[in-house]
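We count residues from 1, following the sequence as given.
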Amino acid sequence: MRIVALTPETRSNILNDLLKRSPNHYSEYEKTVSEILNNVREKGDQALFEYTRKFDHFDLNAGNIRVTEEEIKDAYDQLDAGLVEVIRRSAENIRAFHEKQLRSSWFDTKEDGSLLGMKYMPIRRAGVYVPGGKAAYPSSVLMNVIPAKVAGVKEILMTTPPSQDGRVNPGTLVAADIAGVDTVYKAGGAQAVAAMAFGTESVAKVDKLTGPGNIFVALAKKAVYGYVGIDSVAGPSEILVLADHTANPEYVAADLLSQAEHDELASAILITTSAELAERVAEAVERFTENLSRREIIRKSLDNYGYILLAENMQDVVDAANEIASEHLEILTENPYEVMAKIHNAGAIFLGEYSSEPLGDYFAGPNHILPTNGTAKFFSPLNVDDFMKKTSIISYSREALEKVHKDIELFAVSEGLTAHANSIRVRFEEK
């Protein structure tokens with residue numbers, strides 16, 4: 001990994017490089033995605049089946065689009081029993097964490113007869129997109145589905161691309177069953193997003209759509225926002241490690257590589273105040289990479305978006321971290337809690353040398369669906385609130401309204417909305 005001095009110029013250059021990975025910069029695919037969405041919206045199942053035959057080479061039809069109970073049972077048989085138990089324990093941790101996020105409706109009444117409140121209700125139907133093939137991640141199934149279940153969503157659909165023989169990744173099916181998915185459909189790509197967003201003869205329209213996918217899925221989600229809710233338009237994975245002289249260089253190197261292996265656009269950055277640590281991390285990265293199965297992907301990722309930045313002091317480290325607003329942020333310093341208190345922008349923060357990023361990916365409980373590409377400045381991890389909607393409650397008695405009706409009328413008239421003013425005034429005119 002290259003070692004670069006942290007300066008205002010290098011920080012700006014790195015930020016510009018990272019932002020180029022955003023799905024917003026892949027407009028050349030938008031026309032193709034738009035055509036797919038429009039076709040599925042207009043032709044329903046016919047278009048969905050045709051695109052599945054074209055892209056996944058599976059003869060999809062109304063009779064085989066749904067995963068059967070027998071297929072789910074077979075998935076359990078194909079998976080190692082130890083792994084099934086780990087998925088169950090992971091699901092328990094995720095559920096326990098998200099149950100703490102639940103909020104109750106509230107109402108505030110006053111003696112004059114006014115009542116104000118907020119009513120919390122789950123959305124009716126949620127849809128989850130799950131990649132297939134080499135990009136099948138059962139952990140993401142748990143992270144998308146369990147918050148919706150905790151929120152009280154009554155129906156959860158899932159789409160995932162089938163193989164040429166119509167099979168679905170067994171880990172994906174087991175995780176879906178454990179998490180509580182109601183129906184799994186064999187469909188992938190932008191066409192599956194369209195099916196959930198608009199509905200077809202076989203796939204019910206959802207109210208909110210979540211889950212990761214390739215650039216076509218990301219652009220499709222972006223395009224259907226407004227017809228349905230979405231979680232976010234996710235970019236490539238990223239990790240930022242903040243470290244001082246006390247950090248273990250092998251731990252740092254291993255954690256950087258844990259994200260670089262995701263894909264060639266993944267970002268792995270270390271910011272440190274220690275030149276010695278920087279050198280030792282760079283050496284360990286090279287040594288570890290030689291023995292990793294995805295080393296070619298890792299090398300391309302690090303060549304494009306891998307940096308070791310040398311800072312003069314910890315305040316510069318913190319300032320850069322807040323500007324980058326990384327998806328995953330590890331703090332490996334003498335006092336990580338002190339540094340954490342100064343961090344304002346990060347998807348998830350991992351404190352100390354035994355809180356490696358994969359702990360959050362698989363097992364701890366907090367959600368690993370996180371904001372990327374600097375969007376941690378204004379977005380949050382996927383959570384129970386993403387599957388809830390809120391309705392304001394307002395009730396005034398005549399006594400309560402009489403106290404304020406002239407204020408409201410004045411405000412409305414000042415905006416030129418005389419009908420608004422009249423709606424209040426008419427209630428107090430003498431008959």
Side-chain angles (χ1 to χ4, degrees), residues 29 32-79 124-138 140-141 144-145 154-177 179-221 223-224 227-228 230:
Y29 301 115
T32 299
V33 169
S34 180
E35 289 177 355
I36 293 172
L37 297 179
N38 289 335
N39 279 338
V40 174
R41 186 179 185 185
E42 293 173 6
K43 300 178 182 177
D45 273 356
Q46 178 186 341
L48 178 63
F49 298 162
E50 288 175 355
Y51 282 123
T52 303
R53 295 184 194 110
K54 178 179 179 180
F55 296 127
D56 297 311
H57 311 291
F58 173 61
D59 187 17
L60 189 68
N61 57 59
N64 62 17
I65 189 172
R66 294 186 181 214
V67 170
T68 64
E69 291 185 9
E70 289 75 15
E71 288 175 291
I72 293 174
K73 182 179 181 300
D74 288 344
Y76 276 97
D77 294 338
Q78 293 176 56
L79 227 56
R124 183 171 58 94
R125 184 184 292 127
V128 178
Y129 183 89
V130 178
K134 295 180 180 178
Y137 300 118
S140 286
V141 176
N144 278 279
V145 175
K154 294 192 179 299
E155 185 178 3
I156 301 176
L157 314 181
M158 191 177 95
T159 60
T160 188
S163 62
Q164 293 186 30
D165 59 1
R167 295 180 179 272
V168 173
N169 180 279
T172 296
L173 289 185
V174 168
D177 186 61
V181 173
D182 294 291
T183 309
V184 180
Y185 295 98
K186 299 176 181 179
Q191 59 272 20
V193 172
M196 288 191 285
F198 304 124
T200 72
E201 296 87 337
S202 295
V203 182
K205 182 186 186 306
V206 302
D207 300 308
K208 185 153 192 173
L209 200 161
T210 69
N214 62 19
I215 188 61
F216 294 98
V217 171
L219 290 174
K221 287 174 63 180
V224 300
Y227 296 98
V228 293
I230 64 170

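- Considering only residues two or more places apart in sequence or on other chains, Glu50 meets the side-chain hydrogen bond (donor to acceptor under 3.5 Å, both in side chains) condition with Gln46.
- The side chain to side chain contact (heavy atoms under 4.5 Å, CB included) test applied to Arg66 returns Thr183, Tyr185, not counting sequence neighbours.
- Looking at Glu71 and Thr68, their side chains do bring a donor and an acceptor atom within 3.5 Å of each other.
- Remark: Ser163 engages Asp165, Arg167 in a side chain to side chain contact (heavy atoms under 4.5 Å, CB included) (not counting sequence neighbours).
- Side-chain contact between Val228 and Met196 is absent, with no heavy atoms from C-beta onward closer than 4.5 Å.
- By the ring pair (Phe, Tyr, Trp, His ring centres under 6.0 Å) test, Phe216 is found to be paired with Tyr29, residues two or more places apart in sequence or in another chain being considered.
- The two atoms that bring Pro212 and Asn144 nearest to each other are CD-ND2, 4.0 Å, heavy atoms only.
- When the salt bridge (Lys or Arg N to Asp or Glu O under 4.0 Å) test is applied to Asp59, the partners found at least two apart in sequence or on another chain are Arg53.
- Screening residues 188-216 for salt bridge (charged side-chain N to carboxylate O under 4.0 Å, His left out) gives Lys208-Asp386 as the qualifying pairs, with residues at least two apart or on separate chains.
- With sequence neighbours left out, the side-chain hydrogen bond (donor to acceptor under 3.5 Å, both in side chains) criterion links Asp74 to no other residue.
- In terms of heavy-atom proximity, Pro161 sits nearest to Asp56 at CB-OD1, 4.0 Å.
- Listed by chain and number, the residues in a side chain to side chain contact (heavy atoms under 4.5 Å, CB included) with Ala192 are Tyr129, Thr159, Ala187 (sequence neighbours excluded).
- In this structure the side chain of Val130 never reaches within 4.5 angstrom of the side chain of Asn169, judged on heavy atoms.
- Among residues two or more places apart in sequence or in another chain, the ring pair (Phe, Tyr, Trp, His ring centres under 6.0 Å) test is passed with Tyr76 by none.
- Applying the side-chain hydrogen bond (donor to acceptor under 3.5 Å, both in side chains) test to Ser202 and every residue at least two apart in sequence or in another chain returns Asp45.
- Qualifying ring pair (Phe, Tyr, Trp, His ring centres under 6.0 Å) partners for Phe198, counting only residues two or more places apart in sequence or in other chains: Tyr227.
- A search for side chain to side chain contact (heavy atoms under 4.5 Å, CB included) contacts involving Ala47 returns Asn39, Val40, Lys43, Tyr51, not counting sequence neighbours.
- Shortest non-hydrogen contact noted between Val203 and Ala195 is CG1-O, 3.9 Å.
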